[in-house]
Amino acid sequence: MDPIGAWQELGFRVGFTGHSGHLRVEPLTTVERSNPLSSLPDFILPPAFPEETPESIKKYIEETYLTPRLDPDDFSPEKVGRQWEFDWFDRAEVPLEPSLPRTVLVPVWEPPFRRQNNVSDQGKWEPKSEEVDVSELMLGDEESGRLPRASGSAKDFVRGSINSRPFRPGGLDNSQTLNRVLPEGASNGEWVREILNGGPPQTIPPGFKQGLDLGAFKPYPCSWNVYKDASSLKSSSDEKLSELSLQFDDLFKKAWEDDVTHEQEEDVHLSEVESVALEAEVDKVEASGSMHEDEFSLDEVLSTKLEGLKPLLDASGAGGRQQKEAWARRGGSKEILDRFYELVPDMALQFPFELDAFQKEAIYYLEKGESVFVAAHTSAGKTVVAEYAFALASKHCTRAVYTAPIKTISNQKYRDFCGKFDVGLLTGDVTLRPEASCLIMTTEILRSMLYRGADIIRDIEWVIFDEVHYVNDAERGVVWEEVIIMLPRHINIILLSATVPNTVEFADWIGRTKQKEIRVTGTTKRPVPLEHCLFYSGELYKICESETFLPQGLKAAKDAFKKKNSTAVGGGSGRYSGTSAGHDGTQVQKHENAARLKHGSSFSKTSRGYQNNGNGQNNWELRRAEASMWLKLINKLSKMSLLPVIIFCFSKNRCDISADKMTGTDLTSNSEKSEIRVFCDKSFSRLKGSDRNLPQVVRVQNLLRRGIGVHHAGLLPIVKEVVEMLFCRGVIKVLFSTETFAMGVNAPARTVVFDTLRKFDGKEFRQLLPGEYTQMAGRAGRRGLDKIGTVVLMCRDEIPEERDLKHVIVGNATRLQSQFRLTYIMILHLLRVEELKVEDMLKRSFAEFHAQKKLPEMKELLMRKLNQPTKAIECIKGEPTIEEYYETYLEAEKYSSKISDAILQSSNAQQFLAPGRVIVVKSETVNDHLLGVIVKAPSANCKQYIVLVLRPDLPSPGENAPSRGSVQDKPSDFNQGFFVVPKSKRGFGDDYHTSVSARRGTGVINITLPHRGYVSGMSYEVRGVDRKEFQCICKSKIKIDQVGLLEDVSNAVYSKTVQMLLDLKSDGNKYPPPLDPVKDLKLKDVELVDTYRKWTKLLEKMTQNPCHGCIKLEEHMKLAEDIQKHKQEVTDLQYRISDEALQQMPDFQGRIDVLKEIGCIDDDFVVQMKGRVACEMNSGEELICTECLFENQLDELEPEEAVALMSAFVFQQKNTSEPSLTTKLSEATHKLYNTAIELGQLQVQKGLSIDPEEYAQENLKFGLVEVVYEWAKGTPFADICELTDVPEGLIVRTIVRLDETCREFKNAAAIMGNSALCKKMEVASNAIKRDIVFAASLYITGV
């Protein structure tokens, strides 16, 4: 209808609407023009379906399928902090980077006589260019993390991909990679010579039409010397390169420096920047005492050998420092401290307090872009260095990574740094803000990123390793070494550690590995001094103060102990049977470890840890005495204002028992109780109703309200975080904790108490190490609040020894030791990249550090050995055969030694070892063995044979005959006669005995062994020897006078005996003939007889050799021995230099054979699909997981059953209650266990030293299969806790890790192309992600 005018020009219209045609009045805001269509009735019947247009279809598709939306149920505020399978990078509009060119143009140098056709109109030579593949030209340069390495997919930017190759580790020299393919003329110095002689420079870049006009170059005065490469140790591939090697950068750098120096000398008005002068001054102070490098001419540069001219392609110049003596440089320059704010005028981060000396040094070195190792005690302020590195990364628009050994530290650092920096968090189950410039992650995550070639590595400037002393951990210490070795060269390293003895050694290893200097700084001074006390019978006795042991305090404690025991009734009830600080009550902890009670149900069974052989009355008295002791201690500390206190107990069960005994203790005020209640209510409000009423949650809240806390691995994660945060607030006065609190939480206290000085380390009970004690004791003393920190050692039924206390308190900390070991996943990752060898990883481990450090010296020694002139043997009988004769002689000696050993070990030889028997004794100090005779057989008083041996190697002074210094008071020698004992009275060994007197020997030995003398022109020695020291038993037997030799010590008898031994050598032989093992000793051993026959044949062969009987045989044998010794030394040196000498090389070979056998790699060491699947397995044992997938063991299982079976890969506790499994699950566990046994047996066949049963039990633990199965089915957490005796905290930890395992199996299934398994893993992961198990961390989301 037409518009109708109204009041004040307000337009409106009337029309029909609806099915019944009702009138409708519509206001018109604007004047409408006359339109024929507007005159039509506004009456349209509603169609059954709206009309579809291309626009409506497009809009529907966009809204339904293309517009991203978040599920309001999944992304509710209650579920903040969870990790989602949501690809943020795919949804973001990331600009695509241009792809790299496949080829580049490079110039080609041509000799002048070939340039006639290439000269331009101006008479200048225009060089040709050729196209070279980028991968060939830039091979090895990708370690810088820049252009040569192609970028991966955007979604793999942070975590990396199995399809990406790792970045090249820093510190690898070019000789260990594939050969560079260089254009002709690039490896010689002819083109350099031409330019130095004033030739035309190349001014037009390849592919350009014009360039810069630099004018004519003036000739540079120099002499030209080119030396051939003298290194003969290069591989054959290196020898194919040009023999003439020279570095262009070295030449022009030296020439430039000379020119600049000359110009500066002429211009006296040239000024320098003040900061540069200061840095130079500091470097001068640091380098004081070192030799100043003299200036050298260009000729010396040109005449330097290739080893001295290392490539300057490395921006840091590390390639030229291969022979550097030490890569670790200690700090301590006073110049830095005095002029710190001048050296660092524009600090990246300002601190509200005065920095300590070591902090200033570290910050100065960070500003210079150097790597730093900071060693200091707990709470000394090492975190300041990490914060400054974060600030530098933000300032430089790069990234910094903070790695920690424990997830708790990562979460806590994320909370601490959140308000200061742009921080992200990467752990196994949480990924928050991965795009941040400062990333906090566990060391395992960083290792995975390095192996998977994550592109984020390009942006990293600093990697901070916290708690480096954790490298000593037997299980996870290898991760630190792997990460340090794999880091690219553009990344600087910051290491934060407790004080350890070999800080410089460890830093030197890192510097040598990465080919960069490591600055070592730190302090041994504690910010809060400690005093150590013993607590006994209600009193504290100070035993150590300011690192000085106080014996008088220990003496007072022992006096009190003696006084109490002397007044106590023997066996009465006045004493309690507890544990001592020195001995820990081994039986108590054995009961505790055997029980393995989860703390949720252990409080009704607290007496189990203290069972006695007595009745219930004794148990009650024991518990009462233990509770009384804790009350005495807490009251004592409270009166002395020494609260809060951390009490370290080395058992989860013992922590709970001790806290439970303090039933009547209340240490909090009303305001503190209110604060605790409000905090707990807020923290646990994120749990659903049933989870809030878990026994553990209720119990811990009751303890917290009284100011008592418990902290150990058995607690739920959210409960542990509540305890940690309340303790940091100061409302918890007494905290019973295991040692993980000292490592994982930065929460110092006023006092630290040790319940015992012994712990169970998973294998045995042992004394605490000094490093462990220092780590825990360092929690005593709050910086800025306490002047002195107090450490208390509990003493129960005895006082520990002074030696044990000194060792623990003031002993040296544990040295950093390598825990490097080969793993299959490490081998597979390195085999994926041909230029990175596993041998390189082994060489760079801390275990091989000292051997590799000596490698240059061994190479130099080998060169000298090889260059020594060889000795020639001139034979008078023609062609010399002495070498063949000498080899036969050595082989015969080997057989002879075997025969001698077998003879001496046989029972038949015993009857021949009687007095008078001539024997040959092995000699360790002289070349020839010693001829001797048995004087006395072993007896009850003397377990050795007493023999007289000839010693021609000893000096022969006149005063040594006779040797009366060792003779007990004896009369002068008397005329001696001999008599023969009647035959009827002779024994078997007395047939040839002689005697000087009719008296019978008493058996007394009147000489001091060894007894030496000189008679008949020969030195002799009487000594005791074992049977194994005999070289051989001779056929000869002589008459000896045992009484004259041992009791009377007659000079005449010694002379007679020595003369008889000399007579046996008069026929020209060194020794008398030995007993024949077959004819004389009647030995019938088949192997021995065969060895004897080979020996006799070798002797016959020697007699047939032309050299046998030669007058120069002895001289030539000596020469042959020297030649053989030289060859052996060369062979040994070549072996020690080679990769075969690496400690773990046999293990590597065995593991390679295993991987070939199961199909992970082929015969050419190419990683197959099965190997790529194994590379995805980080949670469990890679071989077992891979075989489980390829045997389709999960295909027949439901998702709940599959995830339950997979729990065996990640669960770690050994002793648990037996789970009750369904038939299907039981069969699956048996099948998986048999697979592990078969893999163990295969590894044994390939030479690896493992036990198949132990291998299977160590890597598969089925204790939580039933629990995980019920949890995946939806059973409440309180109900699944009743199915096992495993603590709730370990259950949660296992299920959280299991989610990561599901993701790994999902990725592996995608590689295999198994879509069904991929979907099953996704369903299984969703089934376990719920409720308290995946409650967000309080550190991340806040309270």
Side-chain angles (χ1 to χ4, degrees), residues 858 861-904 919-931 949-953 1028-1035 1064-1078 1087-1138 1140-1141:
M858 289 191 289
L861 179 60
L862 177 61
M863 290 296 298
R864 289 203 302 265
K865 293 284 184 184
L866 292 174
N867 293 332
Q868 284 181 358
T870 56
K871 299 179 181 179
I873 301 177
E874 300 178 357
C875 183
I876 59 177
K877 296 185 178 181
E879 185 178 353
T881 57
I882 188 64
E883 292 186 4
E884 179 185 353
Y885 185 85
Y886 182 73
E887 291 175 359
T888 308
Y889 166 75
L890 291 179
E891 190 175 359
E893 283 292 306
K894 181 178 65 174
Y895 286 131
S896 176
S897 178
K898 289 183 180 179
I899 295 171
S900 299
D901 294 340
I903 290 174
L904 294 173
I919 44 86
V920 178
V921 180
K922 297 177 182 178
S923 174
E924 300 294 338
T925 58
V926 296
N927 295 328
D928 293 335
H929 298 301
L930 307 177
L931 180 64
V949 294
L950 303 181
R951 294 294 303 271
D953 57 306
K1028 62 183 179 181
E1029 296 183 52
F1030 292 152
Q1031 175 67 21
C1032 69
I1033 306 173
C1034 301
K1035 291 183 178 180
L1064 295 176
K1065 302 176 65 175
S1066 60
D1067 57 354
N1069 295 325
K1070 285 186 177 181
Y1071 314 113
L1075 292 173
D1076 191 293
V1078 178
E1087 184 177 356
L1088 178 62
V1089 172
D1090 182 60
T1091 303
Y1092 175 73
R1093 289 175 179 171
K1094 290 180 180 178
W1095 178 61
T1096 55
K1097 289 181 179 179
L1098 288 174
L1099 295 180
E1100 294 177 2
K1101 183 179 179 180
M1102 290 174 64
T1103 58
Q1104 297 172 2
N1105 192 289
C1107 294
H1108 191 71
C1110 176
I1111 57 175
K1112 289 192 174 183
L1113 177 61
E1114 186 174 353
E1115 176 185 347
H1116 288 177
M1117 284 286 284
K1118 180 64 176 174
L1119 287 175
E1121 181 182 358
D1122 293 341
I1123 294 174
Q1124 186 68 22
K1125 182 180 178 181
H1126 180 266
K1127 290 182 179 179
Q1128 187 62 40
E1129 288 175 352
V1130 170
T1131 304
D1132 292 343
L1133 283 173
Q1134 290 174 339
Y1135 172 77
R1136 291 169 63 186
I1137 292 173
S1138 68
E1140 301 299 324

- request: Give a yes or no on whether a salt bridge exists between Asp1132 and Arg1136, defined as a side-chain N under 4.0 angstrom from a carboxylate O.
  value: no
- prompt: Atom CG of Leu1098 and atom OH of Tyr889: how far apart are they, to the nearest 0.5 Å?
  reply: 13.0 Å
query: At what distance, to the nearest 0.5 angstrom, does CD of Gln1124 lie from CD of Glu887?
result: 6.0 Å
- request: Would you check if Ile919 and Val921 make a side-chain contact, meaning some heavy-atom pair closer than 4.5 Å?
  value: yes
field: Exercise: identify the closest heavy-atom pair between Val920 and Cys1034
entry: CG2-SG, 3.9 Å
- prompt: Can you find a heavy atom in the side chain of Leu931 that is under 4.5 Å from one in the side chain of Pro1072?
  reply: yes
message: Any non-hydrogen side-chain atom of Val949 less than 4.5 Å from a side-chain atom of Arg951?
response: yes
query: Once you round to the nearest 0.5 Å, how far does CE of Met863 lie from CG of Leu1133?
result: 12.0 Å
- request: Apply side-chain contact (heavy atoms from CB on, under 4.5 Å) to Lys894 and Leu890, showing your working.
  value: CA-CA 6 Å; Lys894 181 178 65 174; Leu890 291 179; over 6 Å; no
message: Measuring only between side-chain heavy atoms, which start at C-beta, is Leu862 closer than 4.5 Å to Val1130?
response: yes
- prompt: What residues, two or more places apart in sequence or in another chain, satisfy side chain to side chain donor-acceptor pair (under 3.5 Å) together with Lys1097?
  reply: none
- request: Tell me, please, which residues at least two apart from Asp1122 pass salt bridge (charged side-chain N to carboxylate O under 4.0 Å, His left out).
  value: Lys871
message: Rounded to the nearest 0.5 Å, what separates atom CD in Glu1129 from atom NZ in Lys865?
response: 3.5 Å
